[in-house]
Amino acid sequence: MGSNSFETKVKSLSEILRLGNSLNLGNTSPDIKNDLLGAECTLIKSDNLPALISMIDNGVKIDFCYIDPPYNTGSRFVYADSRSSPTPGIWGKHNEWLTFMLPRLVAAQMLLTETGVISVSIDDYEYPYLKILMDHVFGEKNYIATLILCRSKNGKGGKANVAVNHEYILIYGKTARSKLHGLLEVDLSKYDRSDEHGIYTVDGLFRKKGDASRREDRPNMYYPLYCSQDGRVFLSNERSGLREVWPIDSKGIERRWLWGREKAQLESWKLYASPGGTVYVKNYMREGKRKKIRSILDDARYLNDKATTEIKSIYGEKVFETPKPIGLIRDIIEFCSAEDALILDFFAGTGTTAHANRSLNTEEGARRKCILVEHAQPIATDHFAVQHGFVTTADITEFRLRYMQSEDSNFHYAVLES
Ligand SMILES: C[S@@+](CC[C@H](N)C(=O)[O-])C[C@H]1O[C@@H](n2cnc3c(N)ncnc32)[C@H](O)[C@@H]1O
């Protein structure tokens, strides 16, 4: 594809976006005003576009939006997952899926608070198209990250000798003020040292690495330290037996320390020297400490098999082909939003987002509320779910909320129908 045709496509996308922005937000939607914010979870049984428009109309503001849209796999799931454009437009076979997603993403963007965040699950097929769409709707500058999720041990796929076992989660902020909150540190096993200030680990060098790390970048951060055999660090050679250490790397390049001399003097108790003379900043554990997530999500709690087990225990059978595991959504909610956030999932499916949110609220004392949207789309009569008594996909969502309430009488939900 030549750069010219690429530019033409991007221009056209901007055009579609302009149309999306000029959607009439006035009269099309059910009135869902205050009903939304009462219960811990509200399920709106509606096509998500009018529901989103109605939320905009009613001044609802969302702190965190997670969506797991149909991936356009062409499969016949309990919901329709085939949007192949019959007459290829500028985006080829992906045109129809993009046309479906565009106004919904524009509406989601409008709903987010100024510090809001959105995360979208997707697989290889639509990832590049979704990335460009999101760049346009949310702005490239508000792109935060793409996480790569290991979703199964073995993988699947039609390409010879490649078994795809990953998918993606794209994360964007509404503005530069949006930020991720990190995950609560619960694993204390790495804090293997202690002093009078608490337990700590040594996992970060005091010598600066990467950009602006050379001596000439910050000459006043190039000075000697004096280290004792028991790990203490001094700014002067004040006693016998101290080892002089400079911020020089293994290749002999003169670098610099992280702090100037004055701060290092005041906070020398935060420094630790290994017996070999490498200086680290102590990483103390403290209550409520949060950690970064790594961009490769590889955890047994995140596997699709886990979601299947959960669905079978809730519904008795696998009535839904593509659920997400509770542990995954729980961690996504936790690292993307504050504990009093209002969250929205407008491709709710089995309602995993509500379950994950409830588990955070009960186990970590959080107070997030969530809005789910799932359309009352009739399920094909030959589908397994119909034999289990479900008529529409939204019935499957509601069943899980009922199940959650039967397990935990403190959980309250509301249902709005358009
Ligand atoms: C991939 S599934 C979501 C699965 C969900 N994350 C879970 O853990 O169960 C996508 C869901 O979006 C629903 N959906 C598709 N188009 C929709 C629309 N226009 N309005 C509302 N829901 C829609 C489908 O019925 C399906 O349940």
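If you read the sequence from its start, that first residue is 1, and numbering goes on from there. Just follow the structure's listing: the first ligand is 1, and inside any ligand the first atom is 1. Everything quoted here is computed from the prediction, not taken from an experiment. Below, all heavy atoms of this structure are taken into account, side chains as well, without hydrogens, waters or symmetry copies.
For ligand 1 and Asp47, the ligand atoms under 4.0 Å from any heavy atom of the residue are 19 (N), 20 (N). Close approach of ligand 1 to Thr352 is summarised as follows: ligand atoms under 4.0 Å from at least one heavy atom of the residue are 7 (C), 8 (O), 9 (O). Listed by number with element, the atoms of ligand 1 under 4.0 angstrom from any heavy atom of Arg104 are 19 (N). Close contacts of ligand 1 with Pro323, meaning ligand atoms under 4.0 Å from a residue heavy atom, involve 7 (C), 8 (O), 9 (O).
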In residues 293-304, what donor-acceptor pairs under 3.5 Å come from side-chain atoms, sequence neighbours left out?
from: Asp299; atom 1: OD1; to: Arg301; atom 2: N; distance (Å): 2.9
from: Arg301; atom 1: NH2; to: Asp331; atom 2: OD2; distance (Å): 2.6
from: Tyr302; atom 1: OH; to: Asp331; atom 2: OD2; distance (Å): 2.5

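Closest to atom 22 (N) of ligand 1 by heavy atom, among His375, Lys324, Arg83, is His375. Selection from Thr393, Ile311, Asp345, Asp68 by nearest heavy atom to atom 1 (C) of ligand 1 gives Asp68. For atom 25 (O) of ligand 1, the nearest non-hydrogen atom from the set Gln377, Met101, Glu374 belongs to Glu374.
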Check step by step if side chain to side chain contact (heavy atoms under 4.5 Å, CB included) holds for Glu126 and His94.
-> CA-CA 8 Å; Glu126 295 294 4; His94 304 268; 2.8 Å; yes
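Ligand 1 has at least one atom lying under 4.0 Å from a heavy atom of Ala348. Under the 4.0 angstrom criterion for non-hydrogen atoms, Phe100 is in contact with ligand 1. In this structure, Ser46 is part of the shell of residues with a heavy atom less than 4.0 angstrom from ligand 1.
A donor-acceptor pair under 3.5 Å is formed between the side chain of Thr362 and the backbone N or O of Arg358. Of the possible donor and acceptor atoms, one in the side chain of Thr99 sits under 3.5 Å from a partner among the backbone N and O of Asn95. Using modelled atom types, one side-chain atom of Asn58 and one backbone atom of Ser54 make a donor-acceptor pair closer than 3.5 Å.
Residue contacts with ligand 1 for Tyr79 involve side-chain atoms from C-beta outward but no N, CA, C or O (heavy atoms, distance under 4.0 Å).
Polar contact check, Thr322 against ligand 1: no nitrogen or oxygen pair lies under 3.5 Å apart.
More than 12 heavy-atom neighbours from other residues, nucleotides or ligands sit within 6.0 angstrom of CG on Asn220.
Classification of Asp249 and Lys209 as a salt-bridged pair fails, no side-chain N sitting under 4.0 Å from a carboxylate O.
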